[in-house]
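Below is one structure, written out as structure tokens, with a few remarks after it.
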Amino acid sequence: RVMAFYPSLNTRLRKQDGKPVQYIPDKEDPYRQQVENLSEDEWEREKAVLVSQPMELFDSRLICFHVVRTERAKYLFQSAHHILFDGRAMQILADAISTAYAGSELRTEQKTVLDAAAAETTERQSGTYRKAREWYERHFSGIDAESMPLPDRGKKDDFKAFTRLLPVQEKEITAFCHGKGYSTSALTSGAFAVTMGIYTNRQEALFSTIWNGRNEELAGSFGMFVKTLPVYAVWNRDTRTTDFLSDLTETIRESRENKS
């Protein structure tokens, strides 16, 4: 029922003019799921084969399921290519399967992965893309920052590191950031930047972070929408933490807006 309801789950890859493109077959044989009756030992052996089995990349399903019943339990085994799924999509699928088993109504995708791909293709030919490219060139062109830690100069036993983990609740971090006007990604990226600066002995840091790439239209869509965002942070002994995090918040926001 889930496979039939969501055409995006049938997304496949094919080569077009030498380049891989995504497509959903116009005509697809109805998906049928068989229940396998195995012993625990048989299931363990089959599972070992499944997890090591490569997936056909072109002109075949990028997702498969195995429903197994043993003398001990019932199992749902799922394998999906990362091209088809990101972490959010995995949760959407789990919720959809639970909804189907409960006999409730499934939610329609507001925008499919193919809709998103078509929109991005159109955007690349527009002034929006040129504006985005100019923004990235303006902010990152010519930066030559050290991103690797300094080499060890002493003996292994000469250096001892002490780490103390402080328990902090996610809701406390979120409340703090909202109260100050920072984004949570700016806070974590800022902490990582300063830590990197300590290890590189620099007052700057250049690294990549990720963004789920989803807006309200894609909140319930299947697909791989994660985007990589470059982050460049610079500071000195006079930099105020409030200014540092405010600047990072604005930079990350603009980076997302210009990530075509």
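Atom NE2 of His139 is surrounded by more than 12 heavy atoms from other residues, nucleotides or ligands within 6.0 Å. Residue Glu137 places its CD atom among more than 12 non-hydrogen atoms of other residues, nucleotides or ligands, all under 6.0 Å distant. For Arg138, the CZ atom is densely surrounded, since the number of other residues' heavy atoms within 6.0 Å is greater than 12.
Judged purely by distance below 3.5 Å, without hydrogens or angles, the side chains of Tyr136 and Ser255 pair a donor atom with an acceptor atom.
Annotation: cation-pi geometry not satisfied between Arg12 and Phe58 (NZ/CZ under 6.0 angstrom from ring centroid, within 45° of ring axis).
Under the 6.0 Å cut-off for aromatic ring centres, Phe222 and Phe85 qualify, their centroids lying closer than that. Not less than 6.0 angstrom separates the ring centroid of Phe140 from the ring centroid of Tyr232.
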Begin from the C-alpha positions of Asp95 and Arg107 and carry the test salt bridge (charged side-chain N to carboxylate O under 4.0 Å, His left out) through to its verdict. CA-CA 10 Å; Asp95 292 342; Arg107 294 184 179 182; over 6 Å; no
Does the ring-ring contact (aromatic ring centres under 6.0 Å, His included) test come out yes or no for Phe65 and Phe77, once each step is laid out? CA-CA 6 Å; Phe65 300 92; Phe77 178 91; 9.5 Å; no
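Scanning both residues, Ala145 and Leu206, for their nearest heavy atoms gives CB-CB, 3.8 Å. Nearest approach of Thr249 to Gly181, heavy atoms of both residues: CG2-O, 4.0 Å. Summarising the geometry of Ser104 relative to Arg1, their closest heavy-atom pair is O-NH2, 2.6 Å, with the distance given to 0.1 Å. Ala233 and Leu248 get closest at one heavy-atom pair: CB-CD2, 4.3 Å. Contact record, Ser79 with Met55: OG-CE, 3.6 Å, taken as the closest heavy-atom pair. Nearest heavy-atom pair across Asn236 and Asp238 is OD1-N, 2.8 Å.
Considering only heavy atoms from C-beta on, Ile97 comes within 4.5 Å of Leu76 through its side chain.
Under 4.0 Å is where a charged nitrogen must lie from a carboxylate oxygen, and between Glu120 and Lys227 at least one such pair does. A salt bridge links Glu257 to Arg253: at least one charged side-chain nitrogen sits closer than 4.0 Å to a carboxylate oxygen. Remark: Glu134 does not engage Lys131 in a salt bridge, criterion side-chain N to carboxylate O under 4.0 Å.
One finds the OG atom of Ser60 at 6.0 Å from the CG atom of Leu62 (value rounded to the nearest 0.5 Å). To the nearest 0.5 angstrom, Glu109 atom CD is 7.0 Å from Leu9 atom CG.
Leu114 and Met224 fall into different hydrophobic clusters, where Ile, Leu, Val, Met, Phe, Trp and Tyr residues are linked whenever their side-chain heavy atoms come under 4.5 Å apart, directly or through other members.
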